[in-house]
Amino acid sequence: MGIFSGKEVVLGVTGGIAAYKACEIVRELRKESANVQVILTQSGAQFITPLTLQTLSKNPVVMDMFNLISESEIGHISLAQRAHLLLIAPATANVIGKIRGGIADDMLSTVVMATTAPVLIAPAMNTQMYASAAVQENLAVLKSRGFHFVEPGEGELACGTVGPGRLADVGKILEMARNLLTEKPLAGKKVVVSAGPTAEPLDPVRYVSNRSSGKMGFAMARAACRMGAQVTLVSGPTALPDPPFLATVRVRTAEEMFSAVSRAAEDADVVVMCAAVADFKAKKSASVKIKKEDFDYRLELSPTVDILETLGKKKGKRVLVGFAAETDDLARNAREKMRRKNLDAIVANDVSRADIGFESDDNEVRVFFPDGEIRELPLATKDGIAVGVWLALNGKLFRR
Ligand code: C5P
């Protein structure tokens with residue numbers, strides 16, 4: 001069950017070259033189970049055909065206000081009322097000006113005026129147009145009226161100029177849409193999430209690490225952000241890009257993770273350690289590359305700092321949550337860690353199973369609490385599991 005499941009998203013596509021990117025937006029929304037209703041403006045149809053958007057959205061594309069058949073089936077008031085979210089991507093200077101000015105002379109501008117759903121606008125236009133006094137003033141007024149925006153990116157535009165004006169990344173637009181459709185049980189909470197492995201150097205080119213992909217921690221951070229928390233994500237080396245709308249701190253070693261997490265934890269309400277922190281590091285990392293002829297090289301290890309255990313010793317009002325990746329005796333090991341590290345909850349998963357755990361997109365976990373309560377979260381995407389973990393923590397820990 002995705003965030004968009006059971007949701008009606010009305011997507012307005014207006015006349016800019018970025019209109020072709022609306023195809024990807026429709027596909028992603030559909031993939032996450034939204035019902036997508038596209039409204040294409042006349043100038044939008046100069047860039048992309050209604051047939052393309054209709055095929056991808058699996059719904060008739062609405063263009064005409066005064067078509068008797070479509071008005072009776074999907075009229076402007078019905079579209080405006082059914083929408084859980086109205087997304088305009090790309091939004092031209094023209095449609096932004098019309099919305100600001102209260103003009104309703106086509107289907108899209110009329111639906112915008114008639115809806116009570118949140119309206120998310122992703123502007124895309126030439127840099128000079130974007131910088132113009134008229135557009136900037138219109139944007140400021142619309143923001144003050146509660147319209148939501150995904151700011152355009154910078155780069156080379158189709159017209160050849162370089163600067164702001166390019167439609168924001170589709171991933172960022174979708175994340176903002178998810179944000180707007182998620183309830184905010186974590187509003188006002190400051191959350192720190194750690195993710196990924198750490199890498200402990202042996203010499204300038206080699207290191208000791210583990211198979212953690214960071215996917216679960218990133219999902220925990222994204223979910224907390226959508227649920228209204230102010231999130232700092234502290235990540236070890238992963239292939240994942242920084243998630244939008246939250247602060248990401250990149251580290252490599254357990255020592256660096258300890259400093260970054262401790263700093264962020266100072267005024268945090270919750271610390272969730274999802275990272276697979278290395279338990280050992282080289283006692284001494286060589287300053288030059290170890291040669292293969294160095295037959296007598298012996299790797300000597302020393303333990304790394306246990307971040308959670310250290311935080312657990314002077315916990316204050318902070319809620320501390322650990323993750324336990326186990327290959328055997330899951331419940332006993334998880335409970336023992338929760339007790340030893342003075343945690344408020346521990347999320348345990350069985351990483352010996354190929355279908356869940358490390359590199360997988362899915363997971364299945366059990367959340368243990370010190371009073372003996374256990375919440376089982378059955379197999380789901382890591383995003384789904386993250387929402388389930390936060391809801392379990394919220395129901396149990398944050399309402400005291
Ligand atoms: O003891 P173990 O490593 O299995 O405990 C797992 C939990 O402790 C995870 O939440 C992990 O992020 C955290 N941890 C830590 N510092 C370490 C090792 C693990 O905070 N050095």
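Atoms within each ligand, like the ligands themselves, are counted from 1 in listed order.
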J.: Using a threshold of 4.0 angstrom between heavy atoms of the protein and any atom of ligand 1, which residues qualify?
T.: M273, A275, V277, D279, T304, V305, D306, I307, L308, G322, F323, K337, K341
J.: Can you list everything that forms a side-chain contact (heavy atoms from CB on, under 4.5 Å) with A45? Sequence neighbours excluded, please.
T.: L40, M63
J.: Taking side-chain contact (heavy atoms from CB on, under 4.5 Å) as the test, write out the residues that go with A199, two or more places apart.
T.: Y207, S209, P237, R252
J.: Less than 4.5 Å apart, any side-chain heavy atom of P118 and any of L86?
T.: no
J.: Is a side-chain N or O of E200 found less than 3.5 angstrom from the main chain of V208, in a donor-acceptor match?
T.: no
J.: List the residues meeting side-chain hydrogen bond (donor to acceptor under 3.5 Å, both in side chains) with T49, not counting sequence neighbours, and say none if there are none.
T.: T52
J.: Does any N or O in the side chain of R335 come within less than 3.5 Å of the main-chain N or O of G372, such that one atom is a donor and the other an acceptor?
T.: no
